[in-house]
Amino acid sequence: MPELPEVETVRRGLEKHVTGRTVASAEVLHPRAVRRDPGGFTALLPGHRLASAQRRGKYLWLTLDPAEHALLAHLGMSGQLLVGDPDRPVSSHVRVRLTFDDGGPDLRFTDQRTFGHLAVVPFATVSAPVLLPAPIAHIAPDPLEPAFDPAVFAARLTRRKTGVKRALLDQSLISGVGNIYADEALWRAELHWARATDTLKPAEVTRLLDAVREVLNEALVAGGTSFDSLYVNVNGESGYFDRSLAAYGRAGEPCPRCGTPIRRDPFMNRSAFSCPGCQPLPRGTRIHR
DNA sequence: GGGTTAACCTGCGGGC
DNA sequence: TGCCCGCAGGTTAACC
C-alpha cells in the first residue's frame, strides 16, 4: 500500500516526467476518482503548465502555473500514476487520463479499489511555513520534511489518551505512516502497539521517532532503486520492501531479534503485528483496538 | 472537542 | 467447479 516512501517515489517520477509540461486534455473515466473535486476538474486543467511536484505525508500535488491551484492526488490503497505511450491500450482500472500539448507520454491515474482520488483545488490561505492545498491544511508535517518539529510531536503525542499505534496512524499528528511502517517502527523501537501514549517517556518517544524515520528512509531507498524511466510508481504495493519487514505480515515467524513467534492482533478492523518477546505490553494497559 | 467506529471498494484466497 | 466469506487498508463523516 502506498505510504510515504511509495508516494515520494511517485512524486520523483512526476517531477522527472511531467513537470514543465502543459496539459492538453483531462478525461475522467470513473466519477469516484474525482469525488472530492470541488468542480471543474476537466475544465480547469487544460492549458495549464504543471510547474512542480510536491508532497506531504501520503498526499502529493502538482502546482499549476499560474499558481492559484494544485492538482492534488491521494493514491488510496491501490492507486498508481503511470506515464507512458499515449497510444497504448487503456486498461479497465484507468480512472483519469491527462494528455499533454507536446504529444508526448500521457499520465494515467489507475486505481483498482477506488480509494484514491484526484482534485483540482486552491491553496490554503494560511498554512505557513509551507503552502498547502486547502483540503490538506489539517495534515501534519511528515517526519522527513523540514517543517516537522520533534518537540511539538512529542508534546502532542503524550497529551493524547490512546494507544501509540493509533496515534502513529493519525495523519493530523504525524503524516506519512500507514499500517505497515507503523508496525515496523514499533518493532524497531521495541514498543507494543497498544502502549498508552500518555505513559511514554521522552527517551521512548525519541526512540520511536528515530525508528519511524529509519524505516521510512530505508523503504525510500528501496523504492528508489526499482522503477524504470516511464513507470512512475513501482507497483502500488509494498512488494519491494517485503524482504526487509521484520514484523508486518509475519505472524508465526520467528522475531529476527529474539526468535519469539510474531503475533497478529485484530486492530481497528485490520491487523497489528508485534513480537510478544521484545515488545511487551505493560501490565494493566487499556487496549484500544 | 477528543476519541472511536463504520463505510467506502475490489480482488484474492480459503473453506465448503 | 463455484459460491460465500473474510481480509487487505486510508480517509472521513458521524457518532459517543
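Owing to the predicted nature of the structure, the values given are computational and were not obtained by experimental measurement. Lettering follows sequence order; numbering is per chain, from 1.
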Is there a donor-acceptor contact under 3.5 Å linking the side chains of A:Q54 and A:S52?
yes
Side-chain-base donor-acceptor pair under 3.5 Å for A:R159 and B:dG2
no
OP1 or OP2 of B:dT5 less than 4.0 angstrom from a side-chain nitrogen or oxygen of A:R166, does that happen here?
yes
Nearest whole Å is fine: how far is C:dC7 C1' from A:F273 CZ?
10 Å
Determine whether the side chains of A:S25 and A:T99 contain a donor N or O and an acceptor N or O closer than 3.5 Å.
yes
From the candidates B:dG3, C:dG10, C:dA8, the one with an atom nearest any side-chain atom of A:R264 is C:dA8
Name the closest nucleotide to the A:Q112 side chain, picking from B:dG11, B:dT5, B:dC9.
B:dG11
Rounded to whole Å, NE2 of A:H93 lies from C1' of B:dT10 at a distance of 7 Å
Compare the minimum distances between each of B:dC9, C:dT12, B:dT5 and the side chain of A:H138, then state the nucleotide with the smallest one.
C:dT12
How many Å lie between NE2 on A:H117 and P on B:dC8, as a whole number?
18 Å
When you check the phosphate oxygens OP1 and OP2 of C:dT11, does a side-chain N or O of A:Q171 lie under 4.0 Å from one of them?
yes
Testing the 3.5 Å rule here: is there a donor-acceptor pair between the side chains of A:R264 and A:S271?
yes
Within the pair A:T162 and B:dT4, is there a side-chain N or O less than 4.0 Å away from OP1 or OP2?
yes
Closer than 4.0 Å, any side-chain N/O of A:S271 to the OP1 or OP2 of C:dA8?
yes
Could you work out which one of B:dT10, C:dT11, C:dA8 sits closest to the side chain of A:H74?
C:dT11
Any ion pair linking A:R88 and A:D106 (charged N to carboxylate O, less than 4.0 Å)?
yes
Answer yes if the side chains of A:R49 and A:T22 hold a donor-acceptor pair under 3.5 Å, and no otherwise.
no
Roughly how many Å is it from CG in A:D170 to P in C:dT11, rounded to a whole number?
10 Å
So, does A:N269 get its side chain near the phosphate of C:dC7, meaning an N or O under 4.0 Å from OP1 or OP2?
no
Rounding to an integer number of Å, can you tell me how far A:F115 CZ sits from B:dG11 C1'?
12 Å
Could you give the CG-to-P distance, from A:N179 to C:dT11, as a whole number of Å?
12 Å
To the nearest Å, give me how far apart CG (A:L169) and C1' (B:dG3) are.
14 Å
Does a side-chain N or O of A:K161 approach OP1 or OP2 of B:dG2 to a distance below 4.0 Å, or not?
no
Nearest whole Å is fine: how far is C:dT11 C1' from A:E3 CD?
14 Å
Closest to the side chain of A:R160, out of B:dG3, B:dT5, C:dT12, is B:dG3
